[in-house]
Amino acid sequence: MKLQILVPQYKETDAEIKPLLDSIALQQNVNFDDVGVIICNDGSDVFLSHSLLDQYPYQIEYHKEEHRGVSATRNACLDYADAEYVMFCDADDMFMNACGLWIIFREMIEGFDGIVSVFVEETKDPKTMEKIYVNHDNDVTFVHGKIYRREYLLRKNIKFNPDLQIHEDSYFNVLARSCSSNMKYCQVPFYLWRWRDDSVCRHDPKYILKTYKDMLKSSGALTNELQRRHMNDDARFYTLTMVFDAYYTMNKPEWIDQENQDYRDETEKAFSVYFKERKSIWEQATPTEKMLISNTIRTRSVSEGMQMETVTIDEWLRHVETLGDNDEFDSTR
């Protein structure tokens, strides 16, 4: 089998997962003997029906697992897989066109370890609630629109970190990219990240603020793993990226807003721990390395509404290091 689509399922019902399965069945110019779907139920009491799973022209495996979270469930899907390539997909997403599998198979001919494509986000205008479609290009934040050679993942022992339930995709994607020089970029989108009315990350304006500690945890796990593999240049790059991201993020208006003090203070203390553990990596980096990464992160942050820096990054890091000791860092200075 050429490709298996790996899907974790928790509370999604037949009706919610049906658009995904329908979108696979609608694919053109493919042999469905080359396509399979593996669905793992993450310990939920919501089970998919045989009448749904038996109606499609491709093979579907349905496995019931203990509840261990999305990362462990994706790993379970990978353990069941035996195809040449695998694609991780959320149960409520779908292929955005009828030639998606044809695009994937065409790219697979060249034998890459991974294929990273543009994917499309379905969102809504907050005023009119009309649907808007946004392209995400070269985005490691999500597993959306990415195909990996299964043998490569097994050989390099690349899996989702079961300790991560938020920002787990970025850990997996960055590790997979870092371990290979044989990745393929595909500019034609085939994956649709569908809108959900109950999606917390899209509706809660404080989602990034509330989950920034999880981002630090994911980044810390990633750099630890890269160091364990003796990939020290990569570990340094992603450590610097996280430090500058935190610095510019904490200069944004919502971070300084006193209404967010609890989230802010907790996260700043978490960052203090993160930085103290990796201070030696920061100190090993050259000024040129820091400047290049800083410019990239700052450009993005300015476009997202960052205020002007009130302290230099070195001043800020000195203050941050005192958190958890005797002093409190005043993010408004």
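Everything numeric in this text was worked out from a predicted model, so none of it was measured.
Judged as a side-chain hydrogen bond (donor to acceptor under 3.5 Å, both in side chains), and not counting sequence neighbours, the contacts of Asp169 are Arg74. Checked against side-chain hydrogen bond (donor to acceptor under 3.5 Å, both in side chains), Gln55 has no partners two or more places apart in sequence or in another chain. Applying the side chain to side chain contact (heavy atoms under 4.5 Å, CB included) rule to Thr286 yields the partners Thr288, Glu289; only residues at least two apart in sequence or on another chain are considered. Arg229 is linked by a side chain to side chain contact (heavy atoms under 4.5 Å, CB included) to Lys156, Asn157, Ile158, Leu175, Cys179, Glu225, Met231, counting only residues two or more places apart in sequence or in another chain. In this structure, the salt bridge (Lys or Arg N to Asp or Glu O under 4.0 Å) partners of Glu84, at least two apart in sequence or on a different chain, are Arg149. Scanning for side chain to side chain contact (heavy atoms under 4.5 Å, CB included) contacts around Phe237 gives Thr241, Ile293, with sequence neighbours left out. A search for side-chain hydrogen bond (donor to acceptor under 3.5 Å, both in side chains) contacts involving Arg318 returns nothing, not counting sequence neighbours. Judged as a side-chain hydrogen bond (donor to acceptor under 3.5 Å, both in side chains), and not counting sequence neighbours, Lys290 has no contacts. Remark: Ala25 pairs with Tyr56, Pro57, Tyr58 by the side chain to side chain contact (heavy atoms under 4.5 Å, CB included) rule, at least two apart or across chains.
Both the sub-6.0 Å distance and the 45° axial angle are satisfied by Arg278 relative to the ring of Tyr274.
Side-chain heavy-atom separations under 4.5 angstrom define the hydrophobic clusters, and the remaining members of the one that includes Leu192 are Met94, Met96, Val120, Tyr133.
Listed by first then second residue, pairs satisfying salt bridge (charged side-chain N to carboxylate O under 4.0 Å, His left out) with a partner in residues 36-56 read Lys11-Asp45, not counting sequence neighbours.
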Scan the side chains in residues 105-113 for donor-acceptor partners under 3.5 Å anywhere in the protein, sequence neighbours excluded, and list what turns up.
residue: Asp113; atom: OD2; partner: Ser180; partner atom: OG; Å: 2.6

